[in-house]
S.K.: 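First the structure, then my questions, so here it is.
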Amino acid sequence: MALIVQKYGGTSVGNTGRIKNVAARVAGYYAKGDKLVVVVSAMSGVTDNLLKLAKEIMPLPNERELDVLLATGEQTTIALTAIALHALGIPAVSLTGAQAGIVTDGVHTKAKIKNITPKKIHELLTQGNVVIVAGFQGQTIEGQVTTLGRGGSDLTAIALAAALRAELCQIYTDVDGVYTADPRIVPGARKLEEISYDEMLELASLGAKVMQSRSVEFAKKFGVVFEVRSSLNDNPGTIVKEETKNMESIVVRGVSVDKNQAKVTLVSVPDKPGIAARIFKAIGDASINVDMIVQNISHSTGVPATDLSFTVDKPDLLKAQKVIDGLKPQIGFGQVIATDNIAKLSIVGVGMKSHTGVAGKLFETLAREGINIEMISTSEIKVSVVIDLAKAEMAMKAVHAAFIG
Ligand code: ASP
Ligand code: MG
């Protein structure tokens, strides 16, 4: 008998058939005597559709009202899930984020959880109920409805698991777990039995959108061990937990490709203090996220100058170009080259800390495929390269074969 937090994503509750399927799974655990807290997302497509409706009325809707609107998605699913459990004869009560005691700050559409007082949840569990909690939402101390950012139901589940000291936290989704690469691109990709928080974070931020990154950060901070698994079968999933010594025996845990990046290069930037600061201050002020930055001094010209390249999210490329064009007269650099025909390929693994030659092997593999490397960046557990978008999938297959087999 255990206290279990389960989270079901949008596709897992995408229609009433799927919701009944969730109820049946919950019923199985309930029959064993487990105490269950079930967090659900909005039915798939619902959140996007609500956003679309608001934007049909005006392009930048008020964020407080957006939160009131978006929270209805999850409110629909909690009630339907409770009803589906009632249909199976199981006592279940649905709670909104506020009713569940989830208190957030007041930053609408991306609020942070400040604390959770799960008194009501405990009460209902003690009375023998399954408790269904709306993911993605909370309430400020003043009683304003808030949401936790896209994909925020993951965060609700992890935070509840921490607050309730749950024995088990299961994140149910439409894939069997975390893979060594996207199985749609790399047929030989394998499901991982376990992965460390840091590896999971790198893979999530690299475009392997299994879970909301913030929720993984939260899990790491509070030591919440969780499992990512499918709601469509009974296969065991991937356990996400603190790094263990034996995880280091594997050099590369996963390969990912991010096709949502674009690259800007400034040629012949004057090499003096304060220039990079001015460029990236302006980019930051325009709320543009920068990922990789590469700069090197050119020694070939008389005046010291550097070429400076950086990457941004694809949708921000035009905005970035505009900012850079605006700086050109004051700073005085040469040509500006912008392209969105790039992809970022990364290999991730905690084993890199104790193995040498990893970057060399990656570059060699790409060279063998005739793939040019445009940018390189590394961290303790990751090597990323920017390459031609058209060659991204080919590169991913070759790199996966070289490191993972
Ligand atoms: N329904 C919200 C979204 O689509 C939250 C979630 O699914 O986790 O982003
Ligand atoms: Mg989701």
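Indexing begins at 1, ligand by ligand and atom by atom, following the structure's order. Heavy-atom basis, side chains included; hydrogens, waters and symmetry copies ignored.
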S.K.: Which ligand 1 atoms are under 4.0 Å away from a heavy-atom of Arg150?
M.R.: 3 (C), 4 (O), 9 (O)
S.K.: With Ile324, which of Ile331, Leu266, Thr265 fulfils side-chain contact (heavy atoms from CB on, under 4.5 Å)?
M.R.: Leu266
S.K.: Determine whether the side chain, the backbone, both or neither of Glu74 has a heavy atom under 4.0 Å from any heavy atom of ligand 1.
M.R.: side chain
S.K.: With a cutoff of 4.0 Å, is Gly152 in contact with ligand 1, counting heavy atoms of the residue only?
M.R.: yes
S.K.: With sequence neighbours left out, write down each residue that passes salt bridge (charged side-chain N to carboxylate O under 4.0 Å, His left out) with Lys120, or none if nothing qualifies.
M.R.: Glu123
S.K.: Is there a heavy atom of Gly135 sitting under 4.0 angstrom from any atom of ligand 1?
M.R.: no
S.K.: Whether the Asn233 and Asp176 side chains hold a donor-acceptor pair (N or O, under 3.5 Å, no angle test) is what I'd like checked.
M.R.: yes
S.K.: Between Lys7 and ligand 1, does any nitrogen or oxygen pair lie at a separation below 3.5 Å?
M.R.: no
S.K.: Sorted by first residue and then second, give each ring pair (Phe, Tyr, Trp, His ring centres under 6.0 Å) pair with at least one member in residues 306-329; sequence neighbours left out.
M.R.: Phe280-Phe310
S.K.: Could an N or O of ligand 1 be found under 3.5 Å from any N or O of Thr47, whether backbone or side chain?
M.R.: yes
S.K.: Will you find, in the side chains of Asp198 and Ser196, an N or O donor that is under 3.5 Å from an N or O acceptor?
M.R.: no
S.K.: For ligand 1, find out whether one of its N or O atoms is nearer than 3.5 Å to an N or O atom of Phe136.
M.R.: no
S.K.: Closer than 4.0 Å to some heavy atom of Ser41 - which atoms of ligand 1 meet that?
M.R.: 6 (C), 7 (O), 8 (O)
S.K.: Give the minimum heavy-atom separation between Leu85 and Ile132, together with the two atoms involved.
M.R.: CD1-CD1, 3.6 Å
